[in-house]
Amino acid sequence: GSAGFESACRIPALPATHRSHGLHGHSYFATVRADLRPDWAASVGGFAGGEVDVLRQLMTSAVAPLDHQLLNDHLPDPTDENLARWVRAQLATQVPGIRQVGVQSTTHSGVDLDAAGQAHVWRRYRFQAAHQLPNVPLGHKCGRMHGHGFEVILHANADLGERDLAIDYDHLDEVWAPLHFELNYRCLNDIPGLANPTSENISAWLWQRLKPVLPELSWVTVYETGSSGANFNGQSYRIWKEM
């Protein structure tokens with residue numbers, strides 16, 4: 001269940017020269033995912049099978065006090081992580097089995113709290129590249145040279161405590177920059193380690209280069225198109241195709 005809210009904020013913990021230290025605004029989007037009993041929706045006044053609708057109503061009510069408000073009046077330091085923790089607290093007594101609560105302040109950045117309450121900061125990046133897949137069956141369209149506008153999402157666990165300050169969007173930008181230079185407007189097959197540049201192999205290639213400089217890295221997601229991609233957490237892949 002998800003809901004949006006429009007709010008202004010300032011982040012006093014950031015240096016005075018940082019763009020987010022001053023007063024600014026966002027169109028926020030909050031989401032909750034939960035494992036629910038089959039009869040849960042009906043038991044709280046909804047209808048059988050109406051879990052998403054009830055979750056959406058509860059999320060809308062939870063974030064209503066923040067809509068068209070100055071967030072600093074509600075939280076002293078309204079970062080995306082602190083907002084997600086605030087939203088989770090509002091829902092905790094109403095929604096059983098919460099698996100994840102997320103808040104994104106822009107379409108390309110946000111924070112997800114997992115079931116253990118750990119915060120995974122994420123940031124979305126894009127690069128344009130050509131590739132062909134050498135191991136597909138003869139005649140497969142992906143065996144021909146073609147191109148994509150790839151999207152990459154880096155997820156980092158802010159609660160690992162690897163550095164004095166929690167991981168933030170600016171640091172993710174820093175570690176991504178050299179990889180963007182290496183991948184953008186290139187033929188991926190020509191890059192060492194990407195002779196077979198499938199989405200899952202690209203995600204593993206990125207993991208191998210990012211993990212040493214970003215110990216907090218949780219997983220890497222690669223979108224080859226808007227409907228297909230893969231992610232890798234250092235041990236296993238999840239690969240999907242939306243139909």
Side chain [X], main chain [Y], donor-acceptor under 3.5 Å:
{"X": "Lys241", "Y": "Ser227", "result": "no"}
{"X": "Gln104", "Y": "Thr106", "result": "yes"}
{"X": "His146", "Y": "His131", "result": "yes"}
{"X": "Ser61", "Y": "Gln57", "result": "yes"}
{"X": "Ser109", "Y": "Arg123", "result": "no"}
{"X": "Tyr185", "Y": "Ala130", "result": "no"}

For this session: Carefully, step by step, assess Leu58 and Gln94 under the rule side chain to side chain contact (heavy atoms under 4.5 Å, CB included).
Result: CA-CA 8 Å; Leu58 291 174; Gln94 299 172 290; 3.6 Å; yes
Seminar exercise, completed: Which of Asn184, Thr225, Leu188, Leu183 passes side chain to side chain contact (heavy atoms under 4.5 Å, CB included) with Phe150? Answer is Leu188
Could you check whether any side-chain heavy atom of [X] comes within less than 4.5 Å of a side-chain heavy atom of [Y], counting everything from C-beta outward?
{"X": "Ser199", "Y": "Ile239", "answer": "no"}
{"X": "Met59", "Y": "Leu91", "answer": "yes"}
{"X": "Glu151", "Y": "Phe127", "answer": "no"}
{"X": "Trp207", "Y": "Leu217", "answer": "yes"}
{"X": "Trp40", "Y": "Leu55", "answer": "yes"}
{"X": "Asp114", "Y": "Asp112", "answer": "no"}
{"X": "Pro12", "Y": "Asn72", "answer": "yes"}
{"X": "Val222", "Y": "Asn231", "answer": "no"}

Cluster question for you: counting only ILVMFWY and a side-chain heavy-atom cut-off of under 4.5 Å, with indirect links fine, are [X] and [Y] together?
{"X": "Val63", "Y": "Ile98", "result": "yes"}
{"X": "Val152", "Y": "Ile202", "result": "yes"}
{"X": "Val54", "Y": "Leu36", "result": "yes"}
{"X": "Leu133", "Y": "Tyr237", "result": "no"}
{"X": "Leu113", "Y": "Leu83", "result": "no"}

Exercise. Aromatic rings Trp176 and Tyr125: how do their planes relate, parallel, tilted or perpendicular, breaks at 30° and 60°?
Worked result: parallel
For this session: With side chain to side chain contact (heavy atoms under 4.5 Å, CB included) as the test, would you mind laying out the steps for Asn189 and Leu194 before giving the verdict?
Result: CA-CA 5 Å; Asn189 302 73; Leu194 286 178; over 6 Å; no
Exercise. Hey, mind stepping through Asn157 and Glu216 against side-chain hydrogen bond (donor to acceptor under 3.5 Å, both in side chains) and telling me if it holds?
Worked result: CA-CA 5 Å; Asn157 190 338; Glu216 302 91 341; over 6 Å; no
Determine all donor-acceptor pairs shorter than 3.5 Å in which one atom belongs to a side chain in residues 24-33; sequence neighbours excluded.
| residue | atom | partner | partner atom | Å |
| --- | --- | --- | --- | --- |
| His24 | ND1 | Cys9 | O | 3.2 |
| His24 | ND1 | Gly22 | O | 2.8 |
| His24 | NE2 | His26 | NE2 | 3.4 |
| His26 | ND1 | Ser105 | O | 3.2 |
| Ser27 | OG | Glu6 | OE1 | 2.7 |
| Ser27 | OG | Glu6 | OE2 | 3.4 |
| Thr31 | OG1 | Ser2 | OG | 2.8 |
| Arg33 | NH1 | Gln100 | OE1 | 2.5 |

Problem set entry | Within 6.0 Å of CZ in Arg99, more than 12 heavy atoms from elsewhere | no
Exercise. Does Arg186 count as lying over the ring of Phe181, i.e. NZ or CZ under 6.0 Å from the six-ring centre, within 45 degrees of the axis?
Worked result: yes
Exercise. Would you say the side-chain atoms of Asn233 and His155 include a donor-acceptor pair closer than 3.5 Å?
Worked result: no
For this session: Could you verify whether a donor N or O on one side chain and an acceptor N or O on the other, from Ser7 and Gln69, lie under 3.5 Å apart?
Result: no
For this session: Could you tell me which non-hydrogen atom of Ser203 sits nearest to which non-hydrogen atom of Phe232, and how far apart they are?
Result: OG-CB, 3.4 Å
For this session: Of all the heavy-atom pairs spanning Arg37 and Glu51, show the shortest one and how long it is.
Result: O-OE2, 4.3 Å
Problem set entry | Test: Arg85 and Glu81 ion pair at under 4.0 Å | yes
Exercise. So, are Asp77 and Arg10 salt-bridged, with charged N and O less than 4.0 Å apart?
Worked result: no
Problem set entry | Pairs where residues 64-121 contributes a residue and the test ring-ring contact (aromatic ring centres under 6.0 Å, His included) is met, not counting sequence neighbours | His120-Trp219
For this session: Given side chain to side chain contact (heavy atoms under 4.5 Å, CB included), test Val136 with Lys141 step by step and report yes or no.
Result: CA-CA 9 Å; Val136 296; Lys141 63 182 181 180; over 6 Å; no
Exercise. Who pairs with Arg88 by salt bridge (charged side-chain N to carboxylate O under 4.0 Å, His left out), at least two apart in sequence or on another chain?
Worked result: none
